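What you are looking at is a predicted structure, and each value in this text was computed from that prediction instead of being measured. Letters go in sequence order (proteins before strands), and every chain restarts at 1.
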Amino acid sequence: MKSVIIPKNWDDLLFYIGKAIKSDNIWSIEIFTEGLNQLQNKVPSDFSKQIKPYRKQLENSDYGGYLLEFIENWAGETKSFSEKKDESWNVFFRNKLILLHRKMQKENSLPFLSTPSAEPFYVDPESLISRLEEYEKVKEEPDLDDLIVACNRISEKKVSAGLKERIKKLKGNYSSAIQYLFGIQDKIKAEKELLALWTQCARTRDAEAVYKEFEKTSAADYPSVVHPFLPEFSIKSGKSKKKKEEPIISLDHHDAWFQGFYEKNKEKPAEYPKQFYYTSSCFVSDKSVNLDPMYLSLVPHYADVLLSRFIPGSATGNDADDCDWVEYAIRFIAENKIRIHHAGWILVGACLLFEKKQIRALAAEYISFSIEEKFLKKEYLSGIVGKMISDKYGPVNRLMEYIDRRGSSKEEKSLHLEILKNCIQSTEGKELPVNFKKLTSAFEELSD
Amino acid sequence: MILSAYEYSYAVPSACTEEQSEKQFLLSHCTEIEEDRNIPCFFYGKFRYSFIISRCLSALSRTVKSHFSIKPEQRAAMRDPIVSVGSSQIRFEGFSSCNSVYVRVDVQKDAIDGEFLASGCTNVDFNDPIIRAFNTVSRSENMIMGVGYDHLKVTTPISSVTEKKVSLPDRWIKGLANVQYYFSQMEFAFQLNKIQTIELFKDLPSGAVKSDYFLLEDINGYRLSPISKGNSVRIGGVHRLNLIRTMIPFIESMSVYKDPEEQSSAINLHFKDTNMIFVFSAGVYRGFSGEGKNLDSLTSEIPEEWIIGINSLFKTNEIFNPKELALENGITESTMKNALASLYSIGLLGFDPENRRHYYRKLPFKLKRLLSFNPRILKARKVLEKEKVIILQNDKGLIEAEVKGSFEVTHRVKIEDNRPRCTCTWYTNHETARGLCSHILAVKLLLQSD
């Protein structure tokens, strides 16, 4: 992985504003924030004049408005920044700016723990431990949210013997959790104050494990905390956004859980912290899903719960908004080589049958990647696609386009066969979807 | 879109006549350059492989009529291709209406059996009957073409007619000048045989695609993928490749070229003694007219006498070897680089990807018009005239300057180890991928004048 470079002087930081505004990688705004933090004492007096050309550009960019508000307030005489709660904000980035404001008031330029150090958005273990050591050296307590995201973004779980020794020497109350994350010790402490950190370190360490240690905690029913996130889904006829009657997918129990969570918390929707990123609870809003391009970069080791929020209700969602979000999610995991474990495969299955060809192509690319990297859950994905075809979520022809993909490897052909077998089994006793004959002949051909 | 004041008109329309197993295409021509306008006919003769060439010309006309990003009301009714005749070759070239696809048909010496009566570059009238006629040329038919009318050669009477006037958008002319420079910077990426090309086009989405696609080669062969991989060629607005689809059954092979900075890509379809080249901009909303990769070299102007000299030395389609020319005339490498950029920008050079050679041609527009087509450099000169540039530092490879922009905004320009940066919106959006912004150019102009 390439190292992330933090601007080292004022000019680099100034020109980085443009780069952050234009970058497709929304986390580049965090690189700017880190640069500003580290260079807070070297900002020139005509700072306001120098950033003036960027004012309009910042206002029109995704996070620029927040950043502009922050730097203009800070550059002003009062150096104030309102910490008011605002639901429209990205909770993580908002918290980062509040932290930055507090740090600047105290002239504290200790690095943020969660700033990416390895491209695209990972934090390498060496950087995380060095940063924590810096905090401990000056007896500064790290921000829990910052620490959680740093651990979620870890680039490697295996660390050298030397680094293990340094981890063991950490003194903060987070020390055991970090040791657990890197496999230095195996005992989970389900302590209340650090529950969010513990649950996420545990899931990062082993995506497949059942963590009975959390069964008696307040987070016991949060998705992915005790059990891996394997929600049931159903496909029923319903009205799509276009008000058309068509097969709609829903994650029954899970959707109900989210709704309940929102209802329970709607009086204080923007209250912070909501640090259970793996449960995606902080992304809940009255729209049931409040997606933001930065969120997936906060959960690269276990994106499954969040990805489930991107599953298109209907496979004919050609509406620009729906389509963009679906494409964003599948492209994100394909381009950044994010490994999915559980419910993420429902998204991949839905994308394989989606109306837009490029979304289907992205799903096929992701499946090839999972085969190459040997993390494909063949039976699970085949079962998902089989159910989707038999319940007519997507047409047979779109699946056949994938099955007929030229140059498929032996492993891919084996997946194709498994998918076709599941489609045939799932349709037993049901009305057959249109063009089902194509599917059965492909099955016979592949079985030979 | 602002339409140029330039209108070209044909005294008579192009016409096609048919006799037994022969189709005669007489293409009416016009140019803004007076001496060429008076040439009655540039070429008259037969094309071998007439079926293929007629299909290429039909695909070219479809391309110039196509559009991928502009509104219907912005489309001009019709834009005719430009033909370069000379050195025993004929090249037809044009742009899509949105300026994001450049197309050229290069008919080589061995595919032509005819007389080159004059050399030059001119617009030709591709009207609807002519385009329809291209589509009807059969494999057994002969195709005769006249670029211009030579009454001695015309075997059938020209039917009559009304003058045709066409307004040409500036961006179309600008793009013609810019695209050759981009093309000359490209690197060869892949060569596909016919079967591989047919397979590749099966992956092509038919509808508009917003995100980029990548042409790549892996263990399964060549394919189009929405994900980039090591050796891939980025193709923005991949649905534009549908312009090529109808030509695939006739090709012998296909070459693919990539811009080192992934700002454009090109496809060369190879037929017997004929090539058809498509150059694609980085995306459908990006016309070649707005590109300015060569602007850096334009900060030092070449003297006008050079242009006059080159014009008298070379004929249309003649190979232009900058190294040889520099050696013969004692010109330094950097001066030649600047000269090449200037010659491209005024449409005096084309590029042949197959032989990696520049060739001479003069676009059929007045030099003055072409020179006015670099708004960024013009803006930079204006900035300088108004004394809006203050050099803060110029020392050991580090230049820092302030340039006053509009709305009381002052931009900061920093050039460190030849790496320029600016705080303006242009730089934020494109950095240097589409050439330097006017503020950096103004700083460079000022330093060169000192």
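With a 4.5 Å cut-off on non-hydrogen atoms, A/Glu365 touches chain B through its side chain but not through its backbone. Contact annotation for A/Ile17: neither backbone nor side-chain heavy atoms come within less than 4.5 Å of a heavy atom of chain B. Residue contact with chain A, scored on non-hydrogen atoms closer than 4.5 Å, involves the backbone and the side chain of B/Asp203 alike. At a 4.5 Å heavy-atom cutoff, the contact between A/Asp12 and chain B is made by backbone and side-chain atoms alike. In this structure, the portion of B/Tyr213 lying under 4.5 Å from any heavy atom of chain A is its side chain and not its backbone. Of the atoms belonging to A/Gln358, heavy atoms from both backbone and side chain fall under 4.5 Å from chain B. In this structure, chain A has heavy atoms under 4.5 Å from both the backbone and the side chain of B/Glu199.
A cation-pi arrangement, defined by a distance under 6.0 Å to the six-membered ring centre and an angle within 45 degrees of its axis, is absent between B/Lys414 and A/Phe15.
Highest contact tally toward chain A, considering only B/Ser206, B/Gly221, B/Ser211, is held by B/Ser211 [criterion: heavy-atom pairs under 4.5 Å]. For the set A/Arg405, A/Arg55, A/Lys52, A/Arg331, the entry with the most heavy-atom pairs within less than 4.5 Å of chain B is A/Arg331.
For A/Tyr54, there are no ring-ring contact (aromatic ring centres under 6.0 Å, His included) partners at least two apart in sequence or on another chain.
Between B/Thr423 and A/Gln50, the side chains place no donor N or O within less than 3.5 Å of an acceptor N or O (distance only, hydrogens not considered). Side chains of B/Asp259 and B/Ser264: no donor on one and acceptor on the other come within 3.5 Å. In summary, the side chains of B/His67 and B/Ser96 do not present any donor paired with an acceptor at a separation below 3.5 Å, with no hydrogens or angles considered.
Relative ring orientation between A/Tyr366 and A/Phe369 is described as tilted, the plane-to-plane angle lying within the 30° to 60° band.
Annotation: side chain of B/His439 is not in contact with side chain of B/Lys388 (no heavy-atom distance under 4.5 Å).
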